[in-house]
Amino acid sequence: MSKFPLVNCPNPLSLWEKMEYHFRDIEKKWQERWDKDKTFKAENNSSKPKYYVLDMFPYPSGAGLHVGHPLGYIASDIMARYKRHKGFNVLHPMGYDSFGLPAEQYAIQTGQHPATTTYQNIQRYREQLDKIGFSFDWDREVRTSNPDYYKWTQWIFIQLFNSWYNKTSDKAEKIENLIAEFEKNGNAKVNAHCEENTKTFSATEWKSFSEKEKSDVLMQYRITYLGEAYVNWCPALGTVLANDEVKDGVSERGGHPVERKLMKQWSMRITAYAQRLLDGLEKIDWSESIKETQRYWIGRSEGTSLTFSLIPGPSPREKGEEANLDRDSSREKGEEARNDENSEKENKKKYFWQTADPTIYEALKQFARSNRQPQTVAEDKLWQLIRNKNLGIKFRRQHPIGTYIADFICLEKMLIIEVDGEIHEQTKEQDEKRTNILNSLGFQVIRFSNKEILNNIDSVITKIKNTMSSPLLGRGVGGEAEISVFTTRPDTIFGVSFVTLAPEHELVSQITTAEQKNAVDDYIEKAKNRSERERQAEVNKVSGVFTGAFVEHPFTGNKIPVWVGDYVLAGYGTGAVMAVPAHDERDFKFAKHFNLPIPKVIEPPINSPLLGRGVGGEAENSYDEKEGKLINSDFLNGLEVKAAIKKAIEEIENKNLGKGKINFRLRDAVFGRQRYWGEPIPIYYKDGIPHAMPENELPLVLPDVDKYLPTEDGEPPLARAKDWKYKNQFDYEWTTMPGWAGSSWYFLRYMVQDVKHIKPENDKAIADKKALDYWGNVDLYIGGSEHGTGHLLYVRFWTKFLHDLNFISVNEPAKKLINQGMIQGMSELRYVPKETFSEYSVNNQNNHIIMGISTNIDEINKLIEPILPKIEISNSKPLGVTSIFVSADLVKNSNDYYKSHVDINYVETNTLDILKYFKYKENTDIEFYICKEGCWVNGLFYSYGTDEKSTFKTKSEVEKMSKSKKNVVTPVSYTKENGERFDGVVDSFGADTLRLYEMFLGPLEQSKPWNTNGITGVSGFLKKLWKLYTNVNDETPNKAELKTLHKTIKKITEDIDRFSFNTSVSSFMICVNELTELKCNKRSILESLLILVSPYAPHIAEELWNQLGHKESIALEPFPMFNETYLVESAFNYPVSFNGKTRFFQEYDLSLSKEDIEKEIMSLEQTQKYLEGKTPKKIIVVHNKIVNIVV
RNA sequence: GCCCCGAUGGCGGAAUUGGUAGACGCGCUGGUCUCAAACACCAGUGUCUUCACUGGCAUGCCGGUUCGAGUCCGGCUCGGGGUACCA
């Protein structure tokens, strides 16, 4: 007997009404029930196996959801519900990445606190999400902008600050261990991933360091550190951006220009993890494209370092003399001087302190002597510290140089120190000139103000020391200067014809000869000011300048010129390259441009299509392939490239010229943002030394500010916060964390049960150790591929770090990752004529309108002309630039037009609803819509003659779905402020239909345009499904019904396991079609079917399940088991093909052997017909598959 | 430029290991129901040939492997995404 309550209803009409599928009521009812019963609560203590399925953190933007967002959520929700049926304890949480730029930009514009708008946006998101029926455990919801969440983000920051990377153990360790080692042995034995130029010190030295010095040293080791780096500075946003936040030279959010700037910034030593991040990719099941993107981003390359020694130039004294005594001295003289090394050395020994211009020396001497007496306090303070070889080398004061007198000078190092008083600001220009001249004499000049010396003498001395330790300083006097390069092609060493330095390379200013000084300075200045965007736009434009210096080829001893070129990047390798133009495309272009020699050292293989490449000056291209034999290369001659690389590295190492080395493209991540709406960095400054806050004082709550803008001094907004000081006296760090901070560990926070209601006193860790161990990492992570080099790399980095310090047991955040494809929008475009900018004026009732738009397309002119006098423009409308649009059916050559987006809500099958458009039009422009029979102006139609009203046609294009393209389709209805209503799929067809349809569109990972055309198909399917359940009985199912069911079980299970959700929707349709055909209304079949459907269309499943008499939710019902026996067939209808072409079908019992079938087939009349009397060469019988006869 | 992915009817797509190409849905055509429309239901629908039977051609293009290729291999074309001088 059926438990269906309405079967015996006496009134057939009301029965029919009740039987109707009312998705609105059903969906609302079950969404409320799930929420109330906490149906999808995940348990931290469970004997069940766990399954963790996670969606990428959404940023709750003001625009709300569009149909692309739920795509991934629906897929993950199906997975979550399926796994519950399969007996797993499923963790399926949702939360918000709620710090970020858009909310802050909005706050700047409106003055509203970003927390307010963020809260509103979240509310809206939540309402929309709820309407789609997701099975999230909302008690675990997190928001990165909540103090109880970012408390732990700050805590992780402190752990990173208090850690260093030990290369020997290959993991992060606590900084205390490092300090202990420093105290015991200094840093000589420490094998750390740290700053390149870290100096060696002993334990005694360490102990003698001041607190500031110790802090500076540790900063070179800390995993999060304050360091100077070139950053992407965005002046419009007033902040720095990470590499992955910059696209095409403009900021990803907002599209503002970005430039390079050297700044002191909090950074993360992610580079320490480069190799592990690379290796880890092998062990995770992520999409190949993401892995590939990460591999490329990490950019490992094996090669070798190699040192070129500088050939000493003429001594500075000589240069000085040349410059002063013989200004016209020709280049040849310089060459001679360089070649005659012996005499030069003698000169140096005899006269090197005689640096003054001899013509005015006597006068200068007097002046200098008198100057030495009355020193300022600052000058004296500095002098006491550097005199008498206190810094290990002799300094002189008030020493005449050329026509100047230097404050302090170290002649051996060619270093001048100048001390400026308060007048400095006014005399800036003079000082610069003076510096330039001193530079051109070969001296380096560093300047300090009196104030600096008096207030911070330590850093002054450090700066002097650092400058002096630069290897190039004093070259030609006593120091041995070297340029180190990194190369992956040491085999081409004999093809080196020049060396190129990055413009930012520290040696550039020091090695440049006087003759080239101006040219080099100009070039560097230009390179510096070129924005990142220009640099990218001009990738193929060669630029560079000769420094005048030469290095010696380490094997041939040849003189090799040193150039500066911005194709060399300062941040990669050593910032210098050995240029092998014949075998490197970039070097080749450079050499061609500046007419430098292109010696060929590799002969491509005989059969190579690139044979002609890389040969001398006539060649069009370099030969970059790693194949061929070495020529003109001394000991490498005759070797294959790969062998030559090995051999070359050996030789280089033997001669102590360099070492085999691995370089990474990956850079440390800049962490500080000059913004308000982010996590405060838990650091305060005491005597200029940064200190981490004690962990037990977290969170450091984001303070209120009066404005969300930088201060007048250019400090970040947090500098505005009143009385915001640690212990009321120490300044906090004013920058905040970037968007990726909170999202780099959120998957761990979801492991806290009931995180929304946890009491602060119970909140003792990022999550319970037991919970962390139980949930481990994410089993399935679904999100967009745009996070490939940002979030997905950083979250792996932090996971590995937390693992190193034993906070968590896993070292990857997610085992499997799927990128859902983008759902593109169908944009509607209006044609706008381009051509020249001819002005068109309309004189009408004293209103003079300038149409700032091209109208010189004759046809348009002709069309508009007769109606212009008729057009009435209301006086209340402000005059402005007028736009002209041309209907698509009038457009002959689309190249004559620009295209302008129009909101798709006003367009139906390429026809613009002009009246509706003008009703809600938001701008005040006067717009002309030119159609075949007339012209629409601001909602009124002006006919060219006939009375016919004609329509305005648009052009459709598939594009990214975005607000700016006005092609956004929302899943949920909404009403705009102006009263305009937009219907969403959920409201017109129901959430179950939306869920099924989004899956039905195509493979999850593929991009596809959104088109509602097919939605009636899935909607109809649900109605058909509903109908199946009208007269359910308890009869025993027959063979056909069981076959249909089990075929479906098999298919659905396989489909879910390979994330092929589109094909399962098809299978459901087939199943329902077949059961309808069979008139099946048997309980055992239909109940199983409901469970199969429930992950996809949960509301209808719950409702029917309930109507079948079940009290419990369907959510935890065991998934139906597939039984092979129902699908076993006794016979198979073989397709019989001849030479691979199917001709007819023949059924045979499956027990028949291949030989029997062969015999049977040959006896058939049809076979003989297709054989046309010939004897078959071969007969192939594949059991249960096919028969093929080869003729 | 480099890397990754893709290309199948009018459209979205299916074909999981090489074995009946075009499942399922949309759209379209015809029909039933209806005063009519919508809904629902039934039938047809790759293309060319033919009244029909039949046959030919068909998975971006060219070639190969195989009894048999949408699927494997080589070369190209086009489209989408990522990336940007990484030595």
Side-chain angles (χ1 to χ4, degrees), chain A residues 244 247-249 287-293 295-297 299-301 303 485-489 492 500 535-536 538-542 565-569 571-580 583-587 589-590 624 663-667 785-786 788-789 819 821-822 824 958 960 996-997 1000-1003 1005-1021 1023-1024 1027 1051 1054-1055 1057-1058 1060 1062-1070 1073 1133-1145 1176-1182 1184-1191:
Chain A
D244 52 276
K247 292 261 142 72
D248 303 324
S287 70
E288 204 44 50
S289 69
I290 287 279
K291 289 207 228 176
E292 213 33 61
T293 315
R295 278 187 203 115
Y296 183 70
W297 195 261
R300 181 186 199 271
S301 57
V485 303
F486 173 75
T487 178
T488 55
R489 294 295 300 274
T492 60
T500 316
R535 228 170 145 147
Q536 280 177 16
E538 296 168 9
V539 155
N540 287 319
K541 220 171 136 188
V542 177
D566 71 356
Y567 79 98
V568 180
L569 303 176
Y572 184 76
T574 59
V577 300
M578 60 174 226
V580 185
H583 305 290
D584 181 280
E585 198 195 335
R586 298 150 302 179
D587 296 339
K589 277 184 188 152
F590 197 83
D624 297 8
N663 253 331
F664 293 96
R665 213 171 78 108
L666 184 73
R667 305 292 153 77
S785 55
E786 67 272 21
T789 51
N819 294 123
M822 198 171 43
Q824 292 145 320
V958 173
K960 191 177 163 181
L996 284 172
Y997 187 60
F1000 188 61
L1001 273 177
E1005 301 187 56
Q1006 232 166 65
S1007 294
K1008 54 234 150 191
W1010 178 259
N1011 188 339
T1012 338
N1013 283 347
I1015 202 157
T1016 51
V1018 261
S1019 165
F1021 156 74
K1023 287 183 198 161
K1024 218 166 163 181
K1027 257 196 214 160
K1051 181 87 172 95
E1054 283 169 2
D1055 283 350
D1057 286 343
R1058 64 192 175 103
S1060 173
N1062 55 326
T1063 49
S1064 18
V1065 179
S1066 301
S1067 314
F1068 286 134
M1069 289 174 172
I1070 295 167
N1073 287 348
N1133 200 15
Y1134 283 90
V1136 183
S1137 55
F1138 293 78
N1139 290 339
K1141 280 189 175 127
T1142 311
R1143 295 300 182 182
F1144 61 90
F1145 292 87
K1177 281 187 194 144
K1178 202 173 174 187
I1179 299 173
I1180 291 132
V1181 178
V1182 184
N1184 213 0
K1185 281 257 163 74
I1186 201 170
V1187 177
N1188 191 19
I1189 300 167
V1190 188
V1191 187

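Convention: sequence-line order gives letters A, B, ...; per-chain numbering from 1.
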Specify the separation, in whole Å, of atom [atom1] of [X] and atom [atom2] of [N].
X: A:F1068; N: B:C24; atom1: CZ; atom2: C1'; answer: 13 Å
X: A:F1138; N: B:U20; atom1: CZ; atom2: P; answer: 17 Å
X: A:D566; N: B:A84; atom1: CG; atom2: C1'; answer: 14 Å
X: A:Y567; N: B:C86; atom1: OH; atom2: P; answer: 11 Å
X: A:Q824; N: B:G12; atom1: CD; atom2: P; answer: 12 Å
X: A:R586; N: B:A84; atom1: CZ; atom2: C1'; answer: 12 Å
X: A:R489; N: B:C86; atom1: CZ; atom2: C1'; answer: 15 Å
X: A:K1024; N: B:C41; atom1: NZ; atom2: C1'; answer: 10 Å

When all nucleic acid strands are considered with a 4.0 Å heavy-atom cut-off, which category describes [X]: base, sugar-phosphate, or nothing?
X: A:P1009; result: nothing
X: A:R300; result: nothing
X: A:E1054; result: base
X: A:N1073; result: sugar-phosphate
X: A:F1145; result: base
X: A:T1016; result: sugar-phosphate

Among [options], the nucleotide that comes nearest once only the side chain of [X] is considered:
X: A:I1070; options: B:G55, B:C24, B:U20; value: B:C24
X: A:R665; options: B:C86, B:A87, B:A84; value: B:C86
X: A:F1000; options: B:C24, B:A87, B:A21; value: B:C24
X: A:T488; options: B:A87, B:G12, B:G19; value: B:A87
X: A:K1027; options: B:A87, B:A40, B:A15; value: B:A40

### Query
Just by distance, with hydrogens left out, do A:N1073 and A:K1024 show a side-chain donor and acceptor under 3.5 Å apart?
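Looking only at side-chain atoms, A:K1024 and A:N1073 do form a donor-acceptor pair, the distance falling under 3.5 Å.
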Where do [X] and [Y] come nearest, in terms of heavy atoms and distance?
X: A:D587; Y: A:Y567; answer: OD1-OH, 2.7 Å
X: A:D1055; Y: A:S1067; answer: OD2-OG, 3.9 Å
X: A:V1187; Y: A:Y1134; answer: CG2-CD2, 3.8 Å
X: A:G573; Y: A:N663; answer: CA-ND2, 3.4 Å
X: A:S289; Y: A:N819; answer: OG-OD1, 4.3 Å

### Query
With A:E1005, which residues qualify under side-chain hydrogen bond (donor to acceptor under 3.5 Å, both in side chains), at least two apart?
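Checked A:E1005 against side-chain hydrogen bond (donor to acceptor under 3.5 Å, both in side chains); zero matches.
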### Query
Side chains of A:W1010 and A:Y997: does their closest heavy-atom pair fall under 4.5 Å?
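Yes, their side chains come closer than 4.5 Å.
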### Summary
Intra- and inter-strand pairing of RNA chain B, written as dot-bracket with Watson-Crick and G-U pairs under 3.5 Å and | for the latter, reads (((((((..(((......[....)))((((((.......))))))(((......)))..(((((..]....))))))))))))....
When the [atom1] atoms of [N] and [M] are considered, how many whole Å apart are they?
N: B:G10; M: B:G1; atom1: C1'; result: 38 Å
N: B:A37; M: B:U47; atom1: C1'; result: 35 Å
N: B:C24; M: B:C42; atom1: P; result: 13 Å
N: B:A14; M: B:A21; atom1: C1'; result: 10 Å
N: B:A40; M: B:U17; atom1: C1'; result: 42 Å
N: B:G81; M: B:A69; atom1: C1'; result: 29 Å
N: B:G75; M: B:G80; atom1: C1'; result: 22 Å
N: B:U83; M: B:G25; atom1: C1'; result: 38 Å

### Task
Taking syn as within 90° of 0 and anti otherwise, name the glycosidic form of B:G9.
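Here B:G9 takes the syn form, which means its glycosidic angle is within 90° of 0.
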Below 3.5 Å between N/O atoms, which protein atoms pair up with nucleotides 65-69 of chain B? Just atom names and distances, please.
from	atom 1	to	atom 2	distance (Å)
B:C67	O2'	A:N1188	ND2	3.2
B:C67	O2	A:N1188	ND2	2.7

### Query
Hey, are A:R295 and A:E292 close enough for a salt bridge, meaning a charged N less than 4.0 Å from a carboxylate O?
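Here A:R295 pairs with A:E292 in a salt bridge, since their nearest N and O are under 4.0 Å apart.
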### Task
Using a strict 4.0 Å threshold on nitrogen-to-oxygen distance, state whether A:K589 and A:E585 make a salt bridge.
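Salt bridge present between A:K589 and A:E585.
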### Task
Report yes or no: is there a donor-acceptor pair, N or O only, under 3.5 Å between the side chain of A:K1051 and the base of B:U16?
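Yes, the side chain and the base share a sub-3.5 Å donor-acceptor pair.
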[N], OP1 or OP2 - any side-chain N/O from [X] closer than 4.0 Å?
X: A:Q1006; N: B:G81; value: no
X: A:Y296; N: B:U83; value: no
X: A:T293; N: B:U83; value: no

### Query
If each of A:I1186 and A:N1062 is mapped to the nucleotide of RNA chain B with the nearest heavy atom, which maps nearer the 5' terminus, i.e. the 5' end?
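Going by which nucleotide is closer to the 5' end, it is A:N1062.
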### Query
Which sits closer to the 5' end of RNA chain B, A:S1066 or A:N1133, going by the nucleotide each is nearest to?
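Comparing both residues, the 5'-ward one is A:N1133.
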### Message
Is the terminal nitrogen or CZ of A:R665 (NZ for Lys, CZ for Arg) located under 6.0 angstrom from the six-membered ring centre of A:Y572 and within 45° of that ring's axis?
### Response
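Checked: cation-pi criterion not met.
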### Query
Should A:V1018 and A:M1069 be marked as a side chain to side chain contact (heavy atoms under 4.5 Å, CB included) after you check the CA-CA gap, both sets of side-chain angles, and the distance that decides it?
CA-CA 8 Å; A:V1018 261; A:M1069 289 174 172; 3.7 Å; yes
